[in-house]
Q: 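Here you go, one structure.
What you see below is based on every heavy atom in this structure, not just the backbone, and it leaves out hydrogens, waters and symmetry mates.
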Amino acid sequence: MAFSSSYFSFIFLILLFIISVAVGEIKPVYLPGTYQSSLKKQNVKSKIPFKTHYFPQNLDHFTFLPKSSKVFKQKYLINDKYWQKGGPIFVYTGNEGNIDWFAANTGFMLDIAPKFHALLVFIEHRFYGDSMPFGKKSYKSPKTLGYLNSQQALADYAVLIRSLKQNLSSESSPVVVFGGSYGGMLASWFRLKYPHIAIGAVASSAPILQFDKITPWSSFYDAVSQDFKEASLNCYKVIKGSWTELDALSKHEEGLTKVSKLFKTCKGLHSVYSARDWLWEAFVYTAMVNYPTEANFMMPLPAYPVQEMCKIIDGFPKGASKISRAFAAASLYYNYTQTEKCFNLEGGDDAHGLHGWDWQV
């Protein structure tokens with residue numbers, strides 16, 4: 001078989017990016033509060049250069065139970081602007097959320113598509129976004145959630161990709177899968193499990209070894225803590241101490257009322273864990289996207305987000321409580337436009353379709 005020079009340059013680029021992938025990050029950021037609301041107003045879907053399609057997907061690829069033959073509509077997005085028939089197909093193996101958000105925040109594939117005349121495909125993960133096998137009842141019981149796992153998701157991608165190539169009469173097109181974070185794990189596993197379908201995988205920031213007895217369970221939070229330690233040791237100590245203060249405050253008489261007032265909640269809290277999780281998300285997600293301004297999805301933030309949070313904490317006068325400092329820093333994440341009058345810490349909507357992630361974790 002004869003290979004063209006463009007084919008070898010294509011393979012070389014893929015290998016190069018697999019080697020250097022740690023430099024980049026293509027995981028979308030889930031920003032609640034004001035940022036989330038502003039994106040809704042801008043109609044993100046209208047800005048994504050993709051056409052939406054739905055594929056009749058099998059519920060169960062591995063058993064012969066009565067429900068195995070059930071079919072659900074799996075959402076996927078296509079951009080064929082740069083594609084030439086026979087050219088490569090770049091597939092994003094969707095992870096935990098609405099596929100539109102991943103497409104909106106994944107620029108690398110769009111950047112290289114013109115060079116390789118590639119077809120771009122973003123496939124939504126089952127049980128997320130609009131790809132709900134049991135509709136609104138998808139999360140109601142373990143009997144339905146049992147079909148939410150990475151093994152079934154990988155099989156979904158295999159079936160959809162093969163069908164798509166047949167329908168396009170382009171079965172010789174090489175397929176490369178892409179993903180970030182959990183999506184990167186899926187991309188790497190897809191290449192291992194279905195090597196006859198994908199010739200390569202680009203897995204960005206993918207913790208493929210983050211499993212018990214392989215990687216210490218604390219490694220992720222050690223890395224998060226290190227981000228704040230490097231910005232300011234005092235900042236790190238304040239955040240760490242805020243958990244104890246929050247717990248102690250909640251145990252006082254009318255403690256939840258005091259916590260609700262401190263956190264400026266729109267409604268009174270039913271559990272202190274809502275406040276704890278609210279802080280946790282702000283600090284963990286900010287550490288995950290701690291890039292300088294020009295590469296940061298939290299665009300209005302100057303410099304590095306973690307540094308800005310620590311400046312807020314360190315700028316408080318002596319005697320200020322740790323929990324009040326932590327709240328002020330977290331507000332930068334949730335309310336950097338300073339337009340929010342109160343915060344919904346409980347019962348908020350799921351704009352990104354992330355409900356299934358807790359089950360998977």
Side-chain angles (χ1 to χ4, degrees), residues 17-32 35 93 95-97 102 105-106 108 150 178-189 201-244 246 273 276-299 301-314 322 325-334 336 352 354 357-358 360-361:
F17 272 95
I18 291 174
I19 294 170
S20 62
V21 74
V23 177
E25 162 70 292
I26 52 179
K27 176 180 174 63
V29 185
Y30 315 121
L31 301 176
Y35 184 76
T93 49
N95 33 320
E96 71 285 18
F102 292 98
N105 289 311
T106 306
F108 175 59
S150 58
F178 296 74
S181 193
Y182 169 53
M185 298 168 78
L186 291 170
S188 62
W189 295 336
V202 178
S204 178
S205 297
I208 57 174
L209 298 180
Q210 187 70 44
F211 290 97
D212 291 344
K213 299 181 181 180
I214 298 177
T215 302
W217 69 268
S218 63
S219 61
F220 175 80
Y221 292 108
D222 288 343
V224 172
S225 297
Q226 188 61 34
D227 275 357
F228 287 94
K229 287 179 181 178
E230 290 176 355
S232 163
L233 187 58
N234 175 66
C235 175
Y236 160 75
K237 291 179 178 178
V238 167
I239 293 172
K240 183 178 181 180
S242 68
W243 310 119
T244 302
L246 178 61
Y273 295 115
R276 181 203 63 181
D277 293 346
W278 190 82
L279 289 177
W280 175 93
E281 182 173 301
F283 296 129
V284 170
Y285 281 22
T286 299
M288 287 171 64
V289 294
N290 191 32
Y291 313 128
T293 303
E294 60 270 19
N296 200 311
F297 298 130
M298 301 159 70
M299 290 181 293
L301 296 183
Y304 288 84
V306 167
Q307 290 180 348
E308 295 305 306
M309 278 188 165
C310 286
K311 285 180 182 178
I312 292 172
I313 288 175
D314 293 343
K322 292 182 176 66
R325 298 184 191 195
F327 168 77
S331 295
L332 181 68
Y333 173 81
Y334 290 104
Y336 59 80
H352 298 292
L354 297 170
W357 185 239
D358 288 342
Q360 281 201 268
V361 170

Q: Can you name the closest pair of heavy atoms from Val289 and Pro305 and give their distance?
A: O-CG, 4.0 Å
Q: Shortest non-hydrogen contact from Met309 to Ala330?
A: CE-CA, 4.3 Å
Q: How far apart are the closest heavy atoms of Asp314 and Cys235, and which atoms are they?
A: OD1-N, 3.7 Å
Q: For the OH atom of Tyr304 and the SG atom of Cys310, what is their distance to the nearest 0.5 Å?
A: 14.5 Å
Q: Does the side chain of Tyr285 come within less than 4.5 Å of Trp280's, by heavy atoms?
A: yes
Q: Take Leu279 and Trp243, measure what side chain to side chain contact (heavy atoms under 4.5 Å, CB included) needs, and give me the verdict at the end.
A: CA-CA 9 Å; Leu279 289 177; Trp243 310 119; 3.7 Å; yes
Q: Nearest heavy-atom pair of Ile208 and Phe211: which atoms, and what distance?
A: O-CE1, 3.4 Å
Q: Any side-chain heavy-atom pair from Phe228 and Lys240 closer than 4.5 angstrom?
A: no
Q: Rounded to the nearest 0.5 Å, what separation is found between the OH atom of Tyr236 and the CG atom of Asn234?
A: 12.5 Å
Q: Do Glu308 and Ile312 have side chains that approach each other closer than 4.5 Å (heavy atoms only, starting at C-beta)?
A: no
Q: Go through it in stages, so that I can follow the logic: the residues are Gln210 and Ser219, the test is side chain to side chain contact (heavy atoms under 4.5 Å, CB included), and I'd like the CA-CA distance, side-chain angles, deciding distance and then a yes or no.
A: CA-CA 9 Å; Gln210 187 70 44; Ser219 61; 3.4 Å; yes
Q: Would a distance-only check, ignoring hydrogens and angles, find a side-chain to backbone donor-acceptor pair under 3.5 Å from Thr93 to Gly179?
A: no
Q: Drop me the distance from Asp222's CG to Lys229's NZ, to the nearest 0.5 angstrom.
A: 7.5 Å
Q: Supply the atom-to-atom distance Thr286 OG1 to Gln307 CD, rounded to the nearest 0.5 angstrom.
A: 12.5 Å
Q: Considering only heavy atoms from C-beta outward, does the side chain of Asn95 approach that of Trp357 to under 4.5 Å?
A: no
Q: Does CZ belonging to Phe220 count more than 12 external heavy atoms closer than 6.0 Å?
A: yes
Q: Is the shortest heavy-atom distance from the side chain of Ser150 to the side chain of Tyr182 under 4.5 Å?
A: yes
Q: Where is the tightest heavy-atom contact between Ala329 and Phe283, given as atom of each residue plus distance?
A: CB-CE2, 4.0 Å
Q: For a quick test of reading the model, state the closest non-hydrogen atom pair linking Met185 to Pro207 and the distance between them.
A: CE-O, 3.3 Å
Q: Which value, rounded to the nearest 0.5 Å, describes the distance between Asp358 atom CG and Glu96 atom CD?
A: 10.5 Å
Q: Atom OH of Tyr273 and atom CG of Asp277: how far apart are they, to the nearest 0.5 Å?
A: 9.5 Å
